[in-house]
Amino acid sequence: MLFKRRTPLAPVTWLKHALWPHRGWARTARYIGHRVGRLPGTPYRIAAGFASGAAVSMTPLIGLHFVAAAILAWLTRGNIMASAIGTVVGNPWTFPFIWAWTYGLGHWLLGHDEGVSTLPPNLSFGYIFDNPWQVLWPMFVGSLPTAALAWGVAFWPSRRLVSTYQAARRRRLERREEKRLRRIERARQKEALAAAREHQG
């Protein structure tokens, strides 16, 4: 599978890596870039898939991000695997900011008299379960324009990055093929020269 590890992590180690990548953020970002760039498909399809994952990460549909990202990628003719990678935009470090923003924006879009509001001070899972309409509905409403913006912001740089990556990879493969052909040609020349000398002898 795409994200399956050869050796499963212990739960505590998995949580630690989820909160802070053991390779560091820079190496993790480069790794994700390489994974996206090496996916099969056109730059548009890969970028649309990644953007779909990023967009869905703006929604409060925790637990459904992979499925929703795949559906959005399918609708936009994007790459499904890229959409799964794109959901990394939503992570334990970004979710608090995303949720606060979408709640406040949704609160304002719904025309509440108090205007833009931050998350309730007594927010907890228990509070959300007891008052889903008061919390999740504003977050969902605010997430829709945010997701549309996130899709565009993620799509254009991703498309450029994938296009550049694929062009560089094609050049590397072409140079490798040229070297291979030159080696074959040299080997044939040596064989021909050896055959000619043997014939003369």
Side-chain angles (χ1 to χ4, degrees), residues 2-3 14-21 25-26 28-29 31-33 35-36 39 43-162:
L2 180 62
F3 299 109
W14 180 89
L15 180 61
K16 179 182 175 183
H17 289 178
L19 294 174
W20 191 272
W25 290 107
T28 300
Y31 172 76
I32 292 172
R35 291 300 296 263
V36 171
L39 288 173
Y44 170 83
R45 289 180 63 85
I46 296 172
F50 184 83
S52 296
V56 167
S57 295
M58 302 297 114
T59 68
L61 304 174
I62 301 299
L64 298 175
H65 280 176
F66 282 111
V67 176
I71 293 172
L72 182 57
W74 178 74
L75 292 173
T76 58
R77 297 184 293 114
N79 184 289
I80 303 297
M81 289 185 180
S83 73
I85 297 175
T87 59
V88 76
V89 171
N91 57 70
W93 291 95
T94 60
F95 277 143
F97 301 100
I98 292 171
W99 293 341
W101 165 257
T102 56
Y103 178 83
L105 180 60
H107 205 258
W108 176 72
L109 290 174
L110 289 170
H112 291 175
D113 294 336
E114 306 94 293
V116 177
S117 174
T118 58
L119 289 171
N122 56 340
L123 182 66
S124 65
F125 283 110
Y127 181 89
I128 293 174
F129 284 126
D130 293 337
N131 306 276
W133 189 258
Q134 287 82 353
V135 178
L136 294 180
W137 178 240
M139 287 176 68
F140 183 76
V141 171
S143 74
L144 296 180
T146 305
L149 178 63
W151 196 96
V153 169
F155 173 78
W156 295 108
S158 298
R159 184 173 185 176
R160 184 181 182 88
L161 178 95
V162 172

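Positions are given from 1, in the same order as the sequence printed here. Hydrogens, waters and symmetry mates play no part in the numbers below; they use all other heavy atoms, side chains included. Predicted, not measured: the structure shown is a model, and the values here were computed from it.
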Quiz: residues 62-70 side-chain donor-acceptor pairs under 3.5 angstrom, not counting sequence neighbours:
{"from": "His65", "atom 1": "NE2", "to": "Val56", "atom 2": "O", "distance (Å)": "3.3"}
{"from": "His65", "atom 1": "NE2", "to": "Thr59", "atom 2": "O", "distance (Å)": "3.1"}

Distance-minimising heavy-atom pair for Gly49 and Ala73: CA-CB, 4.1 Å
Set of ring-ring contact (aromatic ring centres under 6.0 Å, His included) partners for Trp156, sequence neighbours left out: none
Approximate separation, where rounding is to 0.5 Å, of Thr76 OG1 and Tyr44 OH: 5.0 Å
Donor-acceptor pairs are to be reported for all side-chain atoms of residues 78-85 against protein atoms at under 3.5 Å, with residues two or more places apart or in another chain.
{"from": "Asn79", "atom 1": "OD1", "to": "Met81", "atom 2": "N", "distance (Å)": "2.9"}
{"from": "Asn79", "atom 1": "OD1", "to": "Ala82", "atom 2": "N", "distance (Å)": "2.9"}
{"from": "Asn79", "atom 1": "ND2", "to": "Pro40", "atom 2": "O", "distance (Å)": "3.0"}
{"from": "Ser83", "atom 1": "OG", "to": "Ile80", "atom 2": "O", "distance (Å)": "2.5"}

All pairs passing side chain to side chain donor-acceptor pair (under 3.5 Å) where residues 139-151 contributes a residue, at least two apart: Ser52-Trp151, Trp101-Thr146
Spatial distance of atom NE2 (His107) from atom CH2 (Trp137) [nearest 0.5 Å]: 14.0 Å
Heavy-atom pair of closest approach, residues Pro92 and Pro96: O-CD, 3.4 Å
Atom pair CG/CG of Leu149 and Leu144 - distance to nearest 0.5 Å: 13.0 Å
Results of side chain to side chain donor-acceptor pair (under 3.5 Å) for Thr87 - residues two or more places apart only: none
Closest approach of Thr102 to Met139 (non-hydrogen atoms, all atoms of both residues): CB-O, 3.6 Å
Minimum heavy-atom distance Val89-Ala54, with the two atoms named: CG2-CB, 3.7 Å
Closest heavy-atom pair and its distance - Pro145, Leu105: CG-CD2, 3.8 Å
Trp99 CH2 to Thr94 OG1 distance, which is reported to the nearest 0.5 Å: 9.0 Å
Within 6.0 angstrom of Phe140 CZ, more than 12 heavy atoms from elsewhere: no
Under the side-chain contact (heavy atoms from CB on, under 4.5 Å) test, residues paired with Pro157 that sit two or more places apart: none
